[in-house]
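Just follow the structure's listing: the first ligand is 1, and inside any ligand the first atom is 1.
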Amino acid sequence: MIALAADHGGYQLKEAVKRHLKAQNIAFIDYGADSEAPVDYADMALPACEAVAGGRCDKALLFCGTGVGISMAANKIKGIRACCCSDAFSAKYTRLHNDANVLCLGGRVVGTGLACELVDLFLNTPFEGGRHEKRIEKLMKLEQK
Ligand code: RB5
């Protein structure tokens, strides 16, 4: 199950990605926003990230204007490893090496075609494990600082 959330700056891209997921029969829960009316990205990130941290969803796809604000918000939530990216290499390697569980995209940065490609890479690339395990462990211990 995939969690989706956006602020007003990412709303249109979220809707496009929803259509892309539906076409592939990928199940999702949409945590809003439901329109382009202004909302705050921190408020929008929290329920979707809690769904991932709590195990209700496997991963989340978050959207704001740049992807940056909502990724900052997501990375403050315990258990979340969020990556804001706009290139295929990062979308792939944040899964392989960082075991990222949240992908953040900028609705004012990437077009629909690239966004859907990044989503597919993110959802279909497994964590490589091995030498990256201890790095993830150290990363998650930073939450306690
Ligand atoms: C909203 O105007 C915009 O600031 C927000 O969507 C995001 O880009 C922040 O990082």
* Go through Asn98 and Arg81 one step at a time and tell me if the side-chain contact (heavy atoms from CB on, under 4.5 Å) criterion holds. => CA-CA 8 Å; Asn98 311 128; Arg81 291 178 299 281; 5.5 Å; no

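- In terms of N/O distances under 3.5 Å, ligand 1 is not approached by Gly67.
- Under the 4.0 angstrom criterion for non-hydrogen atoms, Met72 is not in contact with ligand 1.
- Of all atoms in ligand 1, numbered sequentially from 1 with element shown, those under 4.0 Å from a heavy atom of Gly65 are 5 (C), 6 (O), 7 (C), 8 (O).
- Remark: the backbone N or O of Phe89 is paired with a side-chain donor or acceptor of Asp87 at under 3.5 angstrom.
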Cut-off 3.5 Å, no hydrogens considered: what does the side-chain donor-acceptor table look like for residues 44-60, sequence neighbours left out?
| unit_1 | atom_1 | unit_2 | atom_2 | d |
| --- | --- | --- | --- | --- |
| Arg56 | NH1 | Tyr31 | OH | 2.9 |
| Asp58 | OD2 | Met1 | N | 2.6 |

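- For atom 2 (O) of ligand 1, the closest non-hydrogen atom on the protein side is Arg108 NH1, 3.3 Å.
- Using modelled atom types, one side-chain atom of Asp7 and one backbone atom of Gly9 make a donor-acceptor pair closer than 3.5 Å.
- Distances below 4.0 Å separate heavy atoms of His8 from the following atoms of ligand 1: 1 (C), 2 (O).
- The protein heavy atom nearest to atom 10 (O) of ligand 1 is Gly69 N, 2.9 Å.
- Against a heavy-atom cut-off of under 4.0 Å, Thr66 is close to the following atoms of ligand 1: 7 (C), 8 (O), 9 (C), 10 (O).
- Within the 4.0 Å cut-off (strictly below), no protein heavy atom is located near atom 4 (O) of ligand 1.
- Checked against a 3.5 angstrom limit, the closest N/O atoms of Tyr41 and ligand 1 fall outside it.
- Counting non-hydrogen atoms of neighbouring residues, nucleotides and ligands closer than 6.0 angstrom, the NZ atom of Lys92 reaches no more than 12 such neighbours.
- Between the side chain of Thr125 and the backbone N or O of Leu121 there is at least one donor-acceptor pair closer than 3.5 Å.
- The Cys64 neighbourhood of ligand 1 comprises atoms 6 (O), 7 (C), 8 (O), 9 (C), 10 (O), with distances under 4.0 Å to a heavy atom of that residue.
- Taking the charged nitrogens against the carboxylate oxygens, Glu15 and Lys18 do have a contact shorter than 4.0 Å, which makes a salt bridge.
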